[in-house]
Amino acid sequence: MPCLTIDNLHVNIDQKPILCGVNLKLKGGEIHVLMGPNGTGKSTLASALMGHPTCQVTKGTVTLNGKNMLEMNTDERARAGLFLAMQYPSEISGITNADFMRSAYHACHPDEKPLSLLKFIKKLETKMQELGIDKSFAHRYLNDGFSGGEKKRNEILQLLMLEPQIAVLDEVDSGLDIDGLKIVANNIQKILNEDLGLLIITHYQRLLEYLKPNFVHLFMHGKIVQSGDYRLALELERTGYGGSQLLTS
């Protein structure tokens with residue numbers, strides 16, 4: 001069972017403190033949801049976990065299955081089993097979705113026998129069908145000309161294809177209509193097992209209507225200030241971020 005442990009993580013960007021002591025333990029089979037106002041450091045946490053060069057870790061540790069993630073480059077973290085669905089995915093002309101995902105799959109599974117082209121295409125088309133994505137996506141350039149909702153579905157397609165151990169989903173619900181939200185949530189729910197843990201960053205409770213979390217965390221001032229179960233998300237929806245009270249089970 002995978003386990004991501006964040007202990008007293010402090011991160012600066014351009015010499016400015018953004019994360020100020022984040023503590024979190026995420027195990028396989030669990031869904032943790034991070035909610036909080038804009039500008040409090042939620043996306044910075046996601047970027048720091050994947051090793052974005054602008055994120056300067058000044059204190060604390062991050063381990064995945066006992067391995068020190070902070071000593072790894074971004075590609076090494078991905079191969080170790082960490083995945084990030086980005087809030088603003090990059091557009092890359094000249095590289096098709098299919099080529100990108102096949103290269104990424106083999107890079108993230110170096111110890112496995114490479115999938116033949118035929119098997120890879122079959123797997124890709126199956127996952128695209130489950131997400132309600134047209135087959136033409138495979139031949140389009142990566143996120144080039146995609147709508148916001150198409151980009152988010154494409155991030156989830158990468159999640160389904162790469163099969164990581166720990167996935168961080170940064171506002172994956174933004175840009176999705178109700179039907180798209182249901183499809184994405186259902187597919188995430190289907191793949192959730194003890195070999196996958198999820199950290200979902202969101203502003204809205206609507207995703208949680210379809211994807212029930214084990215833990216909800218209120219993130220403010222660069223750290224987690226309050227934790228609870230699904231009822232905490234309901235209270236935050238009702239009162240806003242300034243009026244919640246710690247819920248106990």
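Residues take their numbers from the sequence shown, with the count starting at 1. Every value quoted in this text rests on a predicted model; they were computed, and no experiment measured them.
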Are [X] and [Y] close enough that some pair of their side-chain heavy atoms sits under 4.5 Å apart?
X	Y	answer
L49	I166	no
L34	I200	no
L232	M35	no
K42	H203	yes
K190	E130	yes
L181	R206	yes
N8	T61	no
P2	L196	no

Euclidean distance, [Y] [atom2] relative to [X] [atom1], rounded to 0.5 Å:
X	Y	atom1	atom2	value
N12	T54	CG	OG1	11.0 Å
Y230	I31	OH	CD1	12.0 Å
D170	Q87	CG	CD	4.5 Å
L234	L208	CG	CG	8.5 Å
K152	L157	NZ	CG	15.0 Å
L19	H221	CG	NE2	14.0 Å

Heavy atoms only: give me the nearest [X]-[Y] pair and the separation to one decimal.
X	Y	result
D177	G180	OD1-N, 2.7 Å
T96	H139	CG2-O, 3.7 Å
L115	R102	O-NH2, 3.4 Å
N214	G29	OD1-O, 3.8 Å
C55	V11	CB-CG1, 3.8 Å
G197	L26	C-CD2, 4.2 Å

Is it true that, when you exclude [X] itself, more than 12 heavy atoms of the residues, nucleotides or ligands shown sit nearer than 6.0 Å to its [atom1]?
X	atom1	value
K123	NZ	yes
Y141	OH	no
K119	NZ	no
K151	NZ	yes
E194	CD	no
K212	NZ	yes
Q129	CD	no
D14	CG	no

What residue pairs, at least two apart or across chains, pass ring pair (Phe, Tyr, Trp, His ring centres under 6.0 Å) with a residue in [range]?
range	value
residues 52-94	none
residues 23-42	H32-F215, H32-H217
residues 173-196	none

With sequence neighbours excluded, residues passing ring pair (Phe, Tyr, Trp, His ring centres under 6.0 Å) with H109: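 With sequence neighbours excluded, H109 shows a ring pair (Phe, Tyr, Trp, His ring centres under 6.0 Å) to Y105, given in chain and number order.
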
Ring pair (Phe, Tyr, Trp, His ring centres under 6.0 Å) partners for F137, two or more places apart: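 Residues passing ring pair (Phe, Tyr, Trp, His ring centres under 6.0 Å) with F137: F146.
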
T40 side-chain N/O to G36 backbone N/O, donor-acceptor pair under 3.5 Å: no

Under 3.5 Å donor-acceptor, N73 side chain and E76 backbone: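 No, the answer is negative, given that no donor and acceptor are paired below the 3.5 Å cut-off.
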
Presence of salt bridge, K25 and E30, under 4.0 angstrom: no

Any side-chain donor near an acceptor of the partner, Q165 and N65, under 3.5 Å: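 Short answer, yes.
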
Between T202 and D173, a side-chain donor and acceptor under 3.5 Å: yes

Listed partners of R140 passing salt bridge (charged side-chain N to carboxylate O under 4.0 Å, His left out), at least two apart: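 Expected list: E150.
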
ILVMFWY network linking V33 to I188, side-chain heavy atoms under 4.5 angstrom: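 V33 and I188: one cluster.
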
